[in-house]
Amino acid sequence: MDKNYITDGKYSYYEKGEGTPIVILHGLMGGLSNFDGVAQHFSEKGYKIVIPELPIYTQSLLKTNVKAFAKFVKDFITYKGFDRVILLGNSLGGHIALYHTKMYPEKVAGLVITGSSGLYESAMGDSYPKRGDYEYIKKKAQDVFYNPEVATKEIVDEVFAVVNDRIKVIKTITIAKSAIRHNMAKDLPKMHVKTCIIWGKNDNVTPPDVAEEFHKLMPNSSLYWIEKCGHAAMMEHPEEFNRLLESWLKKENL
């Protein structure tokens with residue numbers, strides 16, 4: 001990812017390809033590399049893939065909430081000079097994409113959510129978290145996926161580092177409370193943006209009925225399932241994820 005990684009002022013982001021911009025928003029514990037498969041595929045299909053580092057742990061506590069992150073995304077899109085973008089978000093990133101779309105609909109040509117929070121918030125973890133207990137953290141990280149082996153040592157180490165950083169723990173809890181406060185159920189029926197919902201059939205963080213609910217509430221949505229798949233479809237089944245997303249983009253002429 002190195003040569004495509006750019007730091008400019010307050011923004012750090014990955015960028016690859018030319019064409020229609022797809023801006024990808026990572027989740028709470030999700031790194032930019034979670035989207036390697038998507039970035040590789042669509043940057044060769046006439047899209048410019050842009051993945052900003054969200055300021056999840058770097059803003060003041062007052063700005064550690066879904067609404068402030070959505071504003072950050074809007075400012076980033078303006079800074080990049082994009083007129084309209086396709087927004088793709090996983091987990092908390094999906095929630096930020098949804099809230100951004102609610103606030104700035106004129107900026108969003110299409111929306112893609114996978115394992116998104118916004119309706120159901122145990123996405124943040126109900127027994128948050130035992131500091132110092134590596135095996136417990138490893139189990140929690142593995143539970144995110146259908147196939148526990150997707151939770152590499154590197155992923156577990158990253159999560160372990162977060163839960164052992166007092167400031168990051170406080171901010172994580174602040175974000176979890178903000179996610180509950182910013183429930184989208186009342187907003188979704190008024191959001192007419194073209195929306196692609198791709199969900200793991202075995203997601204136990206945001207279970208399948210959450211996807212059904214998004215689909216029911218959003219007037220212009222299409223719902224696609226991936227079998228034997230947990231909370232991060234683009235990591236666990238990148239080829240299937242890309243296939244579904246590409247066919248939706250073609251169908252919607254995006």
Side-chain angles (χ1 to χ4, degrees), residues 1-60 63-117 154-155 158-159 161-162 168 171-172 175 178 193 196 198 232-235 238 241-242 245-246 249 254:
M1 273 197 149
D2 309 352
K3 68 178 170 44
N4 298 98
Y5 191 79
I6 299 157
T7 302
D8 183 7
K10 69 171 181 171
Y11 299 115
S12 297
Y13 59 99
Y14 170 85
E15 182 173 298
K16 188 169 190 185
E18 288 304 326
T20 306
I22 299 180
V23 175
I24 297 178
L25 307 179
H26 60 80
L28 190 59
M29 302 281 183
L32 274 52
S33 62
N34 293 10
F35 294 92
D36 276 353
V38 177
Q40 197 58 46
H41 182 83
F42 287 97
S43 62
E44 293 166 6
K45 299 278 180 183
Y47 294 93
K48 182 192 277 289
I49 301 297
V50 189
I51 316 177
E53 286 260 26
L54 296 172
I56 287 174
Y57 297 121
T58 54
Q59 299 205 130
S60 70
K63 286 189 176 176
T64 303
N65 60 67
V66 171
K67 186 175 180 180
F69 297 148
K71 170 81 166 60
F72 174 90
V73 172
K74 186 243 184 193
D75 291 345
F76 176 75
I77 289 169
T78 304
Y79 148 83
K80 287 298 296 169
F82 299 145
D83 182 26
R84 296 175 83 216
V85 304
I86 296 160
L87 270 185
L88 189 172
N90 170 240
S91 203
L92 174 69
H95 197 164
I96 296 166
L98 285 158
Y99 205 85
H100 174 282
T101 304
K102 171 196 158 177
M103 289 168 72
Y104 315 105
E106 71 287 350
K107 290 273 177 204
V108 184
L111 182 62
V112 185
I113 56 172
T114 179
S116 178
S117 59
E154 187 185 10
I155 288 171
E158 267 178 47
V159 176
V162 169
K168 286 185 177 176
K171 290 197 168 177
T172 301
I175 291 164
S178 155
V193 64
C196 176
I198 302 177
M234 70 289 162
M235 290 174 74
F241 184 91
N242 291 342
L245 178 51
E246 192 173 345
L249 289 166
L254 288 170

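The basis for the numbers below is simple: all heavy atoms, side chains too, and nothing from hydrogens, waters or symmetry mates.
Atoms NZ and CE, on K74 and M103 in that order, are 8.5 Å from each other to the nearest 0.5 Å. The distance from atom OG1 of T101 to atom CD of E106, rounded to the nearest 0.5 Å, is 10.0 Å. With rounding to the nearest 0.5 Å, the separation of OG in S43 from OH in Y14 is 6.0 Å. The CD1 atom of I56 sits 10.5 Å away from atom NZ of K168, with the distance rounded to the nearest 0.5 Å. The CD1 atom of I24 sits 9.0 Å away from atom CE of M234, with the distance rounded to the nearest 0.5 Å. E53 contributes atom CD, which lies 12.5 Å from atom CD1 of I6 (distance to the nearest 0.5 angstrom).
Under a 3.5 Å cut-off, the side chain of K171 and the backbone N or O of Q59 do form a donor-acceptor pair. Judged by distance alone, with hydrogens and angles left aside, the side-chain atoms of N242 form a donor-acceptor pair with the main-chain N or O of G37 at under 3.5 Å. No donor-acceptor pair closer than 3.5 Å links the side chain of T20 to the backbone N or O of Y47. A donor-acceptor contact shorter than 3.5 Å is absent between the side chain of S12 and the backbone of D8.
The aromatic ring centroids of Y13 and F76 lie less than 6.0 Å from each other. You'll find the ring centres of F72 and Y11 inside the 6.0 Å limit.
Two residues are said to be in side-chain contact when any heavy atoms from C-beta on lie closer than 4.5 Å; F42 and I49 meet this criterion. Taking 4.5 Å as the limit, some side-chain heavy atom of L88 sits within range of a side-chain heavy atom of L245. Taking the side chain as every heavy atom from C-beta outward, I77 and H100 approach each other to under 4.5 Å. Side chains of L92 and L54 form no contact here, defined as non-hydrogen atoms less than 4.5 Å apart. Between Y79 and K10, the closest side-chain pair of non-hydrogen atoms is not below 4.5 Å. Counting heavy atoms from C-beta outward, T78 and K107 have side chains that approach closer than 4.5 Å. Annotation: side chain of I86 is in contact with side chain of L249 (closest heavy-atom distance under 4.5 Å). Annotation: side chain of I155 is in contact with side chain of M235 (closest heavy-atom distance under 4.5 Å).
Across all their heavy atoms, P52 and H26 have their closest contact at O-CD2, 3.5 Å. Across all their heavy atoms, K63 and F69 have their closest contact at O-CE2, 3.7 Å. Looking at every heavy atom in both residues, H95 comes nearest to S116 through N-OG, 3.2 Å. When all heavy atoms of K45 and H41 are compared, the pair lying nearest together is CG-O, 3.1 Å. Scanning both residues, L25 and F35, for their nearest heavy atoms gives O-CZ, 4.1 Å. In terms of heavy atoms, T114 sits closest to A233 at OG1-CB, 3.8 Å.
Environment of NZ in K67: sparse, with no more than 12 heavy atoms of neighbouring residues, nucleotides or ligands closer than 6.0 Å. Atom CD of E154 is surrounded by 12 or fewer heavy atoms from other residues, nucleotides or ligands within 6.0 Å.
Just one of T172, N90, V162, V159 meets the side-chain contact (heavy atoms from CB on, under 4.5 Å) condition when paired with L28; it is T172.
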Pair V193, L87 - check side-chain contact (heavy atoms from CB on, under 4.5 Å), show working. CA-CA 11 Å; V193 64; L87 270 185; over 6 Å; no
Please lay out, stage by stage, how T64 and Y57 fare under the test side chain to side chain donor-acceptor pair (under 3.5 Å). CA-CA 8 Å; T64 303; Y57 297 121; over 6 Å; no
